[in-house]
Number of protein chains: 2
Amino acid sequence: METVGTAVGALPRPGLRERKKQRTRDALVRAALELIATRGYERTTVDDIAAAVDVSQRTFFRYFASKEEVAFFVSRLAESHVVEAVRERPPGEAPLEVLRRAVLDSWDGINEAVEQLVPLELHMRVYRVIESTPALLAAHLRRATELEEELARIIAEREGLDVDADPRPRILVAAFGGVIRVAERRWSAGDDFSASAMRDLMTTCLDHVGPALAGNWRTNPALNRHNET
Amino acid sequence: METVGTAVGALPRPGLRERKKQRTRDALVRAALELIATRGYERTTVDDIAAAVDVSQRTFFRYFASKEEVAFFVSRLAESHVVEAVRERPPGEAPLEVLRRAVLDSWDGINEAVEQLVPLELHMRVYRVIESTPALLAAHLRRATELEEELARIIAEREGLDVDADPRPRILVAAFGGVIRVAERRWSAGDDFSASAMRDLMTTCLDHVGPALAGNWRTNPALNRHNET
DNA sequence: GACACTAATGTCAGTCACTGACAGTTGACA
DNA sequence: TGTCAACTGTCAGTGACTGACATTAGTGTC
């Protein structure tokens with residue numbers, strides 16, 4: 001069934017043209033992230049990025065729809081991992097637990113995948129720029145809500161619900177997403193950039209949701225119980 | 001006590017120059033919102049808006065830092081009312097209840113204030129454009145997080161906490177904000193654009209937070225109790 | 001009421017993100 | 001080797017936004 005010369009299958013070798021494209025894309029991503037992390041987003045022009053890879057500005061825009069897009073290349077990778085992890089959770093697990101476990105359990109794998117693309121340290125520097133650049137922060141939040149929408153649909157499907165009829169899937173993911181973002185901010189604001197520090201932060205923040213929403217904080221000032229089924 | 005010709009106090013009359021500025025600003029807002037609601041955000045250029053008010057493009061940018069800013073003029077007004085309402089909540093009230101009551105109780109007043117600036121119906125059409133335009137949605141979310149930050153600080157102060165040390169204020173507002181956004185979306189997606197419809201939606205969504213975060217949904221599928229003090 | 005002072009505005013030139021059109025180059029495949 | 005299609009570069013143009021400078025128009029003064 002498989003001829004030798006032609007590319008019948010999809011895997012064996014992508015062909016010179018495809019490999020060249022891949023190389024150009026990677027080079028653009030790396031150059032862009034390095035420039036953004038160093039100079040900041042606003043002070044990095046698309047011309048700079050293109051020049052660093054020695055292609056025309058027009059070519060940059062053939063690979064990325066916008067300057068923003070290249071800044072979120074790594075985030076995009078991470079997000080797809082989370083979605084995958086949520087999809088693979090065993091049925092019957094409680095909704096909040098699905099999200100919690102999916103994020104926490106896939107965390108190490110995510111960081112591994114990122115590292116294969118760019119140094120984790122570079123990604124962190126870029127993340128700080130994202131958090132501190134209004135235009136990028138806005139884009140980040142919009143992307144986050146798109147991800148939340150996808151997760152809400154998955155949760156709804158697991159529970160056999162209609163996302164547009166029952167508000168709970170979206171409410172759960174919105175609350176969850178908000179908490180994750182608090183963790184992200186604390187992570188990028190602190191000085192421990194390790195993956196495990198981020199996981200600890202997420203755990204802590206998630207453990208606080210219930211108590212924070214519950215009545216008077218002064219009657220239960222500290223966090224006493226952690227795990228429930 | 002009151003002189004006639006000159007502006008002695010600060011209130012009586014702002015002077016011709018100031019009144020002209022106010023008129024120009026209002027005209028720009030109204031023209032912009034009308035154009036955005038009708039043609040959409042992307043198909044409305046700043047030149048269009050300026051031309052509609054018969055001023056130069058440069059003047060537009062002296063009143064608004066960006067094209068986005070004019071689109072959020074009404075939202076900004078509403079936000080300031082919410083902040084005010086949260087500030088005025090009686091001490092001792094539970095944090096989540098502070099937010100809930102502040103939003104719900106000030107809702108009618110907010111809509112009144114908005115109506116004085118532009119027709120409520122126009123604001124709703126603009127809101128739909130905001131929700132459906134990526135660039136505006138992003139800006140909307142960023143503004144929302146800025147508001148959340150402010151609210152977190154107020155809550156922290158009420159409770160005598162340090163926002164950067166105790167994560168609960170930010171977690172609470174993040175979860176709360178997420179839920180409010182779900183309500184906003186359902187409101188703009190539906191067909192009842194009245195203020196009371198929005199209030200009902202918010203109430204319902206807030207009532208669902210607890211149950212949505214709690215364990216297994218199938219054991220408590222419906223929402224049975226609504227009001228507590 | 002003429003006069004200086006200053007804030008508001010218009011005009012102009014320039015940067016930067018992004019796009020469509022067209023032409024040149026280069027892998028892919030017979 | 002030659003044809004075809006995909007990639008790329010160049011160029012021109014739009015639209016958001018900014019700085020510089022000249023012009024206009026309220027404001028307070030004599």
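Just so it is clear, the structure is predicted and the values come from calculations on it, not from any experiment. Order of the sequence lines fixes the chain letters, A, B, ..., with proteins taken first and strands second; residue numbering starts at 1 for each chain. What you see below is based on every heavy atom in this structure, not just the backbone, and it leaves out hydrogens, waters and symmetry mates.
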A.B. asks: Answer yes if the side chains of B/Glu115 and B/Asn111 hold a donor-acceptor pair under 3.5 Å, and no otherwise.
C.D. replies: no
A.B. asks: Parallel, tilted or perpendicular: which one describes the rings of A/His140 and A/Phe72, with boundaries at 30° and 60°?
C.D. replies: parallel
A.B. asks: With nearest nucleotide decided by heavy atoms, which residue, B/Glu18 or B/Ala65, maps closer to the 5′ end of DNA chain D?
C.D. replies: B/Ala65
A.B. asks: Assign the ring pair B/Phe64 / B/Phe73 to parallel, tilted or perpendicular, where the plane angle (0 to 90°) is split at 30° and 60°.
C.D. replies: perpendicular
A.B. asks: Consider the side chain of A/Arg17, meaning its heavy atoms from C-beta on, and name the nucleotide among C/dT9, C/dC18, D/dC7 that approaches it most closely.
C.D. replies: D/dC7
A.B. asks: Nearest-Å distance, CZ (B/Arg19) to P (D/dA25)?
C.D. replies: 17 Å
A.B. asks: Please tell me whether A/Ser194 and A/Asp192 have a donor and an acceptor in their side chains that are separated by less than 3.5 angstrom.
C.D. replies: yes
A.B. asks: How close or far is atom P of C/dA8 from atom CZ of B/Phe64, stated in whole angstroms?
C.D. replies: 14 Å
A.B. asks: Let me know the distance between CD of A/Glu69 and C1' of C/dA17, rounded to the nearest Å.
C.D. replies: 14 Å
A.B. asks: Please determine which of A/Glu149, A/Glu148, A/Glu150 meets the salt bridge (charged side-chain N to carboxylate O under 4.0 Å, His left out) test together with A/Arg170.
C.D. replies: A/Glu149
A.B. asks: Can you tell me how far P of D/dG28 sits from CG of B/Leu16, to the nearest Å?
C.D. replies: 11 Å
A.B. asks: Near DNA chain C, under 4.0 Å by heavy atom, which residues of residues 40-63 of chain A?
C.D. replies: A/Thr44, A/Thr45, A/Val46, A/Gln57, A/Arg58, A/Phe61, A/Arg62
A.B. asks: When you check the phosphate oxygens OP1 and OP2 of D/dA25, does a side-chain N or O of B/Lys20 lie under 4.0 Å from one of them?
C.D. replies: no
A.B. asks: We want to know whether A/Glu69 and A/Tyr63 form a side-chain donor-acceptor pair, criterion being a heavy-atom distance below 3.5 angstrom.
C.D. replies: no
A.B. asks: Report yes if at least one side-chain N or O of A/Lys67 is closer than 4.0 Å to OP1 or OP2 of C/dC16; otherwise report no.
C.D. replies: no
